[in-house]
J.: 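Mind looking over this structure? Questions follow.
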Amino acid sequence: MRIGVTGKNSLIAREFVRLASDCEFVYGTVDTLPTDLDGYFLCAGVLIGKDARSITDEEAKDTLWVNFLDVVRFCDRVFESNNRARVCIMGSMSGVQGSFDTVYAASKSGLHMYVETKKLTHSEQHIVAIAPTIIEDTGMTRRRKDFDQVIARGAERRLGRWLRSEEVARTALFALNERALSNTVIRITGGNW
């Protein structure tokens, strides 16, 4: 199986590749990946981390383009030309629950809507998104100014921690290969309390 991967430097993408070691991988962006591969794991994203009053127009544009519009355009191209394409997209629980960064949350919410409503034209086509909560070992989390407080909040959760990249990658790999999950956003919360 040949799988196209965006965001190859992210820990989640690296874990995905490690777990699917029997596959052949093609790395690129939504502008450079070929549309004739068997599957895709779209893991690139932008999180500025500012509220709507503080984010610049350019940062907002980058957030919306990378997290939503570029992905949608790419998927539309793929599904138009590839009757057997399977796509798993990195969403976020921010798209469900909201976020301090409302532009990021809105872009992920729109992405989830696209996945759930995208009309596929061939029975072998498949689209799914995964929506994880905080992933404690990613750069996105480790770069947070409130990292110590975030980890402390995670320790109070059911798992005694937040999610880890390997768990998210394992879910993405399963979702990519489970045809019954098409047009589904899988919420990965680790449980609450």
J.: State plainly whether one hydrophobic cluster holds both Leu33 and Met1, where clusters connect Ile, Leu, Val, Met, Phe, Trp and Tyr through side-chain heavy atoms under 4.5 angstrom apart.
T.: no
J.: Under the side chain to side chain donor-acceptor pair (under 3.5 Å) test, which residues partner Ser165, sequence neighbours left out?
T.: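 Partners of Ser165 by the side chain to side chain donor-acceptor pair (under 3.5 Å) criterion, ordered by chain and then number, come out as Asp137.
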J.: Taking Asn67 for the side chain and Lys108 for the main chain, is one N or O donor matched with an acceptor at less than 3.5 Å?
T.: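 No, because the side chain of Asn67 does not come within donor-acceptor range (under 3.5 Å) of the backbone of Lys108.
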J.: Assess whether a salt bridge exists between Asp38 and Arg84, defined as any Lys/Arg side-chain N lying under 4.0 Å from an Asp/Glu carboxylate O.
T.: yes
J.: Only counting residues at least two apart or in another chain, list the ones meeting side chain to side chain contact (heavy atoms under 4.5 Å, CB included) with Gln97.
T.: Met93
J.: Determine, using the 4.5 Å side-chain heavy-atom cutoff (strictly less than), whether Val78 and Leu69 are members of one ILVMFWY cluster.
T.: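 Hydrophobic grouping puts Val78 with Leu69.
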J.: Do you know which two heavy atoms are closest between Ile130 and Ala172, and how far apart they sit?
T.: CD1-CB, 3.6 Å
J.: Which heavy atom in Asn82 sits nearest to a heavy atom in Ala85, and how many Å separate them?
T.: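 Nearest pair, atom of Asn82 first, then Ala85: OD1-N, 3.1 Å.
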J.: Is it the case that atom CG in Asp146 sees more than 12 heavy atoms from other parts of the structure closer than 6.0 Å?
T.: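 Correct, the count exceeds 12.
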J.: Do you know which two heavy atoms are closest between Glu124 and Asn83, and how far apart they sit?
T.: CB-O, 3.6 Å
J.: Hey, could you give me the OG1/CD1 distance between Thr63 and Ile55, rounded to the nearest 0.5 Å?
T.: 4.0 Å
J.: So which pairs with a foot in residues 10-23 pass side chain to side chain donor-acceptor pair (under 3.5 Å), sequence neighbours left out?
T.: Glu15-Arg18, Arg18-Glu166
J.: Output yes when a side-chain donor or acceptor of Ser81 lies under 3.5 Å from a complementary backbone atom of Arg77, and no otherwise.
T.: yes
J.: Of all residues at least two apart in sequence or in a different chain, which pass the side chain to side chain donor-acceptor pair (under 3.5 Å) check with Arg53?
T.: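 Arg53 satisfies side chain to side chain donor-acceptor pair (under 3.5 Å) with Asp51 only.
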J.: Checking Thr6 against Thr29: is there a side-chain donor and acceptor pair closer than 3.5 Å?
T.: no
J.: Tell me every residue that passes salt bridge (charged side-chain N to carboxylate O under 4.0 Å, His left out) with Lys8, counting only those two or more places apart in sequence or in another chain.
T.: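 Result, salt bridge (charged side-chain N to carboxylate O under 4.0 Å, His left out) vs Lys8: none returned.
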J.: Excluding sequence neighbours, so at least two apart, what forms side chain to side chain donor-acceptor pair (under 3.5 Å) with Arg161?
T.: Glu167
J.: How many angstroms lie between atom CD1 of Ile3 and atom CG of Asn177, to the nearest 0.5 angstrom?
T.: 7.0 Å
J.: Only pairs at least two apart or in different chains count here, so list each ring pair (Phe, Tyr, Trp, His ring centres under 6.0 Å) that has a residue in residues 94-127.
T.: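 For residues 94-127: none.
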J.: Does a side-chain heavy-atom distance below 4.5 Å link Ser109 with Val96?
T.: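 No, their side chains stay 4.5 Å or more apart.
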J.: Working note: Arg157 + Ile134, criterion side-chain contact (heavy atoms from CB on, under 4.5 Å); need CA distance, chi angles, decisive distance, verdict.
T.: CA-CA 12 Å; Arg157 296 175 60 83; Ile134 294 171; over 6 Å; no
J.: About how many Å separate OG of Ser94 and CG of Leu47, when rounded to the nearest 0.5 Å?
T.: 7.5 Å
J.: Could you list all the ring pair (Phe, Tyr, Trp, His ring centres under 6.0 Å) pairs where at least one residue sits in residues 132-179, not counting sequence neighbours?
T.: none
J.: What residue pairs, at least two apart or across chains, pass ring pair (Phe, Tyr, Trp, His ring centres under 6.0 Å) with a residue in residues 16-45?
T.: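 Residue pairs passing ring pair (Phe, Tyr, Trp, His ring centres under 6.0 Å), neighbours aside: Phe16-Phe41, Tyr40-Phe74.
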J.: Measure the spacing between CG of Leu111 and CG of Leu64 and express it to the nearest 0.5 Å.
T.: 11.5 Å
J.: Calculate, to the nearest 0.5 Å, the distance between atoms OG and CG belonging to Ser92 and Asp101 respectively.
T.: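 That separation rounds to 10.0 Å.
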J.: Do you know the tightest heavy-atom contact between Pro132 and Leu163?
T.: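 Result for this residue pair: CB-CD1, 3.7 Å.
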J.: Sequence neighbours excluded, which residues qualify as side chain to side chain donor-acceptor pair (under 3.5 Å) partners of Glu116?
T.: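 Result, side chain to side chain donor-acceptor pair (under 3.5 Å) vs Glu116: none returned.
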J.: Should Ile48 and Phe68 be counted in the same cluster of Ile, Leu, Val, Met, Phe, Trp and Tyr side chains packed under 4.5 Å apart?
T.: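 Result: yes, single cluster for both.
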J.: Where is the tightest heavy-atom contact between Leu19 and Arg170, given as atom of each residue plus distance?
T.: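 Between these two residues, the closest heavy atoms are CD1-N, 3.6 Å.
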J.: Can you tell me how far the SG atom of Cys23 sits from the CG atom of Leu176, to the nearest 0.5 Å?
T.: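 Taking SG in Cys23 and CG in Leu176, the distance rounds to 8.5 Å.
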J.: Please evaluate residues Ile135 and Ile12 with respect to the criterion side-chain contact (heavy atoms from CB on, under 4.5 Å), reporting the C-alpha separation (whole Å), side-chain torsions for both, the decisive distance (0.1 Å), and the verdict.
T.: CA-CA 9 Å; Ile135 310 163; Ile12 298 165; 3.5 Å; yes
J.: Only counting residues at least two apart or in another chain, list the ones meeting salt bridge (charged side-chain N to carboxylate O under 4.0 Å, His left out) with Glu59.
T.: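 Expected list: Lys50.
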J.: Measure the shortest side-chain to side-chain distance between Ile89 and Cys75 over non-hydrogen atoms and say whether it is less than 4.5 angstrom.
T.: yes
J.: Are Val26 and Val71 linked, directly or through intermediate hydrophobic residues, by side-chain heavy-atom contacts shorter than 4.5 Å (ILVMFWY only)?
T.: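 Linked within one cluster.
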J.: Does any non-hydrogen side-chain atom of Leu42 lie less than 4.5 Å from one of Cys88?
T.: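 Side chain of Cys88 against side chain of Leu42, heavy atoms only: no contact under 4.5 Å found.
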J.: Pairs of donor and acceptor atoms involving the side chains of residues 183-191, under 3.5 Å and at least two apart or interchain, shall be tabulated with distances.
T.:
{"from": "Asn183", "atom 1": "ND2", "to": "Val115", "atom 2": "O", "distance (Å)": "2.9"}
{"from": "Asn183", "atom 1": "ND2", "to": "Lys118", "atom 2": "O", "distance (Å)": "2.9"}
{"from": "Thr184", "atom 1": "OG1", "to": "Leu181", "atom 2": "O", "distance (Å)": "2.7"}
{"from": "Thr184", "atom 1": "OG1", "to": "Ser182", "atom 2": "O", "distance (Å)": "3.3"}
{"from": "Thr189", "atom 1": "OG1", "to": "Gly191", "atom 2": "N", "distance (Å)": "3.1"}

J.: Can you give me the closest heavy-atom contact between Met90 and Val168, atom names plus distance?
T.: CE-CG1, 3.7 Å
